[in-house]
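Sequential numbering from 1 along the given sequence is applied to the chain's residues. For ligands, and for the atoms within them, numbers begin at 1 and follow the listed sequence.
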Amino acid sequence: KLNPAPASTKPPSTLLGPSTIPTPSKSLNDRVGLLRGDITTLAVDAIVNAANRSLLGGGGVDGAIHRAAGRGLLEECRRLNGCPTGSAKITNAYKLPCKKVIHTVGPIYDAGDHDASEKLLVSCYTKSLELAASNYCRTIAFSGISTGVYGYPSWLAAPAALSAIRNFLLENDKAGVIEKVVIITFEKKDVDAYNESLPLFFPPA
Ligand code: AR6
């Protein structure tokens, strides 16, 4: 069920051109959900980690995922030889309740070149969904990518993420592998950003 949009201070609707105004679709909306909590507790098929290019762990959600998964995850990540920004790699989940971990590397936000940052962020979501589908992961949960240490403002990241998810479900997932995409937020700023953007990209049918 979609959350109601709170009063807006920064209208992300300005990011939507007239040709991209989404049409309502109940079946599409049923495939996307918003939760607040800790991604390491979710028993979905795949969770998406906001990693860095080394894939060897770090702070934020990456640190939480590695701590909860245990040493096996780090050992597998060592064999992956890192990952470029905007791309994604998949591993097993070890002690986590999910089945797989998809590690994606978001951009460090560059306000001077917003378009380049946005392209990379969209690519993170698209590549992660592609990997999930090709590994038969039907349920996937995303934490915010780049919205912590990497400084991407949540109110700009949320519409980019939702646009990528919507496009993937409509255009790329013709076989309908992905049943549910969960966005799990941790902080109030992220909750507010998604509450504002969700009805724009997934309007109530
Ligand atoms: N569950 C869900 N979301 C979380 C959790 C959690 N347990 N912990 C944090 N978040 P960040 P980035 C949210 O900084 O900006 C690491 O050191 C958080 O509120 O984890 O992509 C990596 O190794 C924020 O909205 O990732 C990289 O070096 C979102 O997760 C660098 O940070 C992402 O924040 C990546 O920075």
Problem set entry | Selection from Thr185, Val149, Asp38, Ile183 by shortest heavy-atom distance to atom 14 (O) of ligand 1 |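 It is Val149 that holds the nearest heavy atom.
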
Problem set entry | From the candidates Pro107, Gly148, Gly151, the one that places a heavy atom nearest atom 11 (P) of ligand 1 |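 When every heavy atom of Pro107, Gly148, Gly151 is considered, Gly148 comes closest to atom 11 (P) of ligand 1.
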
Problem set entry | Atom NZ of Lys189 with >12 non-hydrogen neighbours under 6.0 angstrom |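 More than 12 within 6.0 Å, yes.
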
Please state which protein non-hydrogen atom is closest to [atom] and give its distance, to 0.1 Å?
atom                    : value
atom 17 (O) of ligand 1 : Gly59 N, 2.7 Å
atom 18 (C) of ligand 1 : Glu187 OE2, 3.7 Å
atom 36 (O) of ligand 1 : Tyr150 CG, 3.4 Å
atom 30 (O) of ligand 1 : Gly144 O, 3.8 Å
atom 21 (O) of ligand 1 : Ser146 N, 2.8 Å
atom 20 (O) of ligand 1 : Val61 N, 2.8 Å

Exercise. Within less than 4.0 angstrom of ligand 1, does Gly37 place any heavy atom?
Worked result: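 It does; at least one heavy atom falls under 4.0 Å.
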
For this session: Report yes or no: does a heavy atom of Thr40 sit under 4.0 Å from some atom of ligand 1?
Result: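 The answer is no: ligand 1 sits nowhere under 4.0 Å from a heavy atom of Thr40.
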
Problem set entry | Gap between atom CG of Leu74 and atom CG of Leu56 - 0.5 Å precision |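 If I round to the nearest 0.5 Å, the distance is 6.0 Å.
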
Exercise. Quick one: side chain to side chain contact (heavy atoms under 4.5 Å, CB included) partners of Val191, sequence neighbours excluded?
Worked result: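 If we apply the side chain to side chain contact (heavy atoms under 4.5 Å, CB included) test to Val191, skipping adjacent residues, the hits are Arg36, Thr185, Asn195.
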
Exercise. Using the ring of each side chain (for Trp, its six-membered ring), is Tyr152 parallel, tilted or perpendicular to His114, with breaks at 30° and 60°?
Worked result: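 Plane angle over 60°, so perpendicular.
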
